[in-house]
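Everything numeric in this text was worked out from a predicted model, so none of it was measured. Both counts, for ligands and for their atoms, begin at 1 and track the order of listing.
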Amino acid sequence: MPPLPVLVLNSGSSSIKFSAYEAGAGERKKLFEGAVDGIGTDLGKFWIKDADSRKLLDQTPALPNRAVAFKLVAGALHSGDFPSPAAIGHRVVCGGPTVSENQRITPALIDEIESYSALAPLHTPIAVYIMRQALSLFPGVPNFAILDTYFHRTMPGVVTVMPIPAEYAGMGVRRYGYHGISYESIVYQLQPEVPERLIVAHLGNGASISAIRGGRCLDTSMGLTPSGGLISGTRTGDIDPGVLLFILHKIAETTTNATEAADALETVVSKQSGLLGVSGQSNDMRDLREAIAAGNAKARLAVDKFTWTIAKWIGAFVAELGGLDMLVFTGGIGENDIASRAEICAGLGALGIELDRERNNVRGAATISAEGSRATVRVIPPAEDLMIVNHVVRLLGGQSDQA
Ligand code: AMP
C-alpha cells in the first residue's frame, strides 16, 4: 500500500482531539495534531501543531456546544492547509455486546453503536455525532470505528459475566473493559519481546489496570462502564452495591421521578466521587500532591485510597497470571507522578516488584525497577493514535484486524 494520509478523531466528553499520519505498509509519519478543548465553556482552546510541535494555529474560541467545536475542526481540515484524508479512524469507547470488531463505519453501524450510549454516556454521544459528521463531510472517504473494548474481547467468560439475573445479562450487562487502545499500544511498543505475564496500569484522570498474558487481555478492572474498577479522578470504581442503594434512597427523599433519581445517582458515581469525593478538593493529582505537602489529611487519605486499591489489584492479577514478568505504568499519573508509583510498589516486594528510587525519579519512558527485582517495572507513554492508524491500515488492506 502506498503511504496515505490517515486522520484520527478521538473525542472526549469536553474535547475533540485529532491527528494525521502518513501511513503505508510499514511507514508511520506524523503530519500534525490538534484539539478543541473546553466544549461547553466560553473560553475554549483550539490548536494545531506540526510534527515538530510548532504551533500552526492557537485560538481561544467560545465553544458553547460540540457542533461549534467540530465546525472549527472541519473548517481547518477542509481549508487546504492540510492534506485531505484518504481514510479516517474514530476512537469508539464502547461497541456494546454486538459491535466487538474494529470495522468500516456505515450509517447502520453508527445507529447500533448509538443504541449502547448508556454504557459510556460521557463518550459515545459525541463520538456518534462526529462519525455522522465525518461521513457527510468527507464523502467517499472510508471511516473506521476502532474500539476501546476490542482489546478486552479475549477475556474469558468467567471474567466478563456479572453475577446478576440472566434477564439483565441478556440486555448486554457484562464486563467490557476500557482504555483498550492504550493497552494495545503498550503491547505493540513492547514487540517483539512481549512478556508472557504482564500487568499494565493506565493511571490518568480515568484509571484502570489490566492483566495481559502472551499479549492478550486476561482481565481488566473496568467493567460494564468506565466507572467500575479502580477509584479514579471523579469515579467511585468498584463499590459495595449497598452504598448505591443507600444514596438512591437518600435521593428518593427529594424526587419521585425515577429518571431524575437515576441521573442524580449517576452524577454522584461518575462525577463527584473518587479522588474528588474523598479529598473534597480536586480530582487532579497535581493539586492533591500540593495539598498533601501542605499537610492536608483528606488529600492524603484520597491518594492513599487510590494507591492502596491499585496495589490490591496488582496482587490479584499476579495471582491470576501465576506470577509476573513486567509491570508497566502509563497515563498522566503513571507517567508523571513519581510518588504514586513509589507508594503503589512500596508493599509489593513479596510479589517480586521492587523499584529503584533513583531510576523512579523520572517523568516519561524509563525502566524503574531495582537491579534484583524479579519483575521489570517500566514507564511507557501510550500511543493510542498510532494504534488507531495501525488498525486503519490493516483494515484498508482488507486484512482481518488481529493486532
Ligand atoms: P490523563 O487523564 O492521562 O491526561 O492524566 C491526568 C492526570 O495526570 C491528572 O490527575 C494529573 O494531575 C496527572 N498528572 C499530569 N502531570 C502530572 C505531574 N507532572 N505530576 C503528577 N501528576 C500529573
Which residue and heavy atom of the protein sit nearest [atom], plus the separation:
| atom | result |
| --- | --- |
| atom 7 (C) of ligand 1 | Ile333 CG1, 3.7 Å |
| atom 12 (O) of ligand 1 | Asp284 OD1, 2.5 Å |
| atom 18 (C) of ligand 1 | Asn336 CB, 3.3 Å |
| atom 2 (O) of ligand 1 | Asn205 N, 2.9 Å |

**Prompt:** Is the Phe18 ring parallel, tilted or perpendicular to the Phe46 ring (thresholds 30°, 60°)?
**Reply:**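 Phe18 and Phe46: tilted rings.
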
**Prompt:** Partners of Asp356 by side-chain hydrogen bond (donor to acceptor under 3.5 Å, both in side chains), sequence neighbours excluded?
**Reply:**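 Per chain and number, Asp356 pairs via side-chain hydrogen bond (donor to acceptor under 3.5 Å, both in side chains) with no residue.
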
**Request:** Determine yes or no for a side-chain-to-main-chain donor-acceptor pair under 3.5 angstrom, with Glu266 supplying the side chain and Ala262 the backbone.
**Result:**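 No, because the side chain of Glu266 does not come within donor-acceptor range (under 3.5 Å) of the backbone of Ala262.
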
**Message:** Whether the side chain of Arg66 engages the backbone of Ile39 through a donor-acceptor N/O pair (distance < 3.5 Å, no angle test) should be reported.
**Reply:**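 Not at all, since once roles are kept as given, no pair shorter than 3.5 Å links the two residues.
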
Is there at least one pair of N or O atoms, one from [X] and one from ligand 1, spaced under 3.5 Å apart?
| X | result |
| --- | --- |
| Asp337 | no |
| His202 | no |
| Met285 | yes |
| Gly331 | no |

**Message:** Do Arg174 and Tyr176 form a cation-pi contact, if we require the NZ or CZ to be under 6.0 Å from the six-membered ring centre and within 45 degrees of the ring's axis?
**Reply:**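 Judged by the rule (NZ or CZ under 6.0 Å from the ring centre, within 45° of its axis), Arg174 counts as positioned above Tyr176.
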
**Prompt:** Do Lys49's NZ or CZ and the ring of Trp47 fall within the cation-pi criteria of under 6.0 Å and 45°?
**Reply:**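 Yes.
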
**Prompt:** Can you list the ligand 1 atoms lying under 4.0 Å from a non-hydrogen atom of Gly204?
**Reply:**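 The list of qualifying atoms is 1 (P), 2 (O), 3 (O), 5 (O).
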
**Asked** Cut-off 3.5 Å, side chains only: do Arg289 and Ser340 have a donor facing an acceptor?
**Response**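 Yes, Ser340 and Arg289 have a side-chain donor paired with an acceptor closer than 3.5 Å.
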
**Prompt:** Given the protein's heavy atoms, is any one of them under 4.0 Å from atom 20 (N) of ligand 1?
**Reply:**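 It does: a protein heavy atom is found less than 4.0 Å away from atom 20 (N) of ligand 1.
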
**Request:** Determine, using ring centers only, whether His78 and Phe138 are less than 6.0 Å apart.
**Result:**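 Ring centroids of Phe138 and His78 are less than 6.0 Å from each other.
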
**Message:** Please confirm whether Arg363 approaches ligand 1 to less than 4.0 Å, judged on its heavy atoms.
**Reply:**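 Yes; Arg363 lies near enough to ligand 1 that a heavy-atom distance drops under 4.0 Å.
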
**Request:** Check each of Arg289, Arg286, Glu290 against atom 22 (N) of ligand 1 and report the one with the nearest heavy atom.
**Result:**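 It is Arg286 that holds the nearest heavy atom.
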
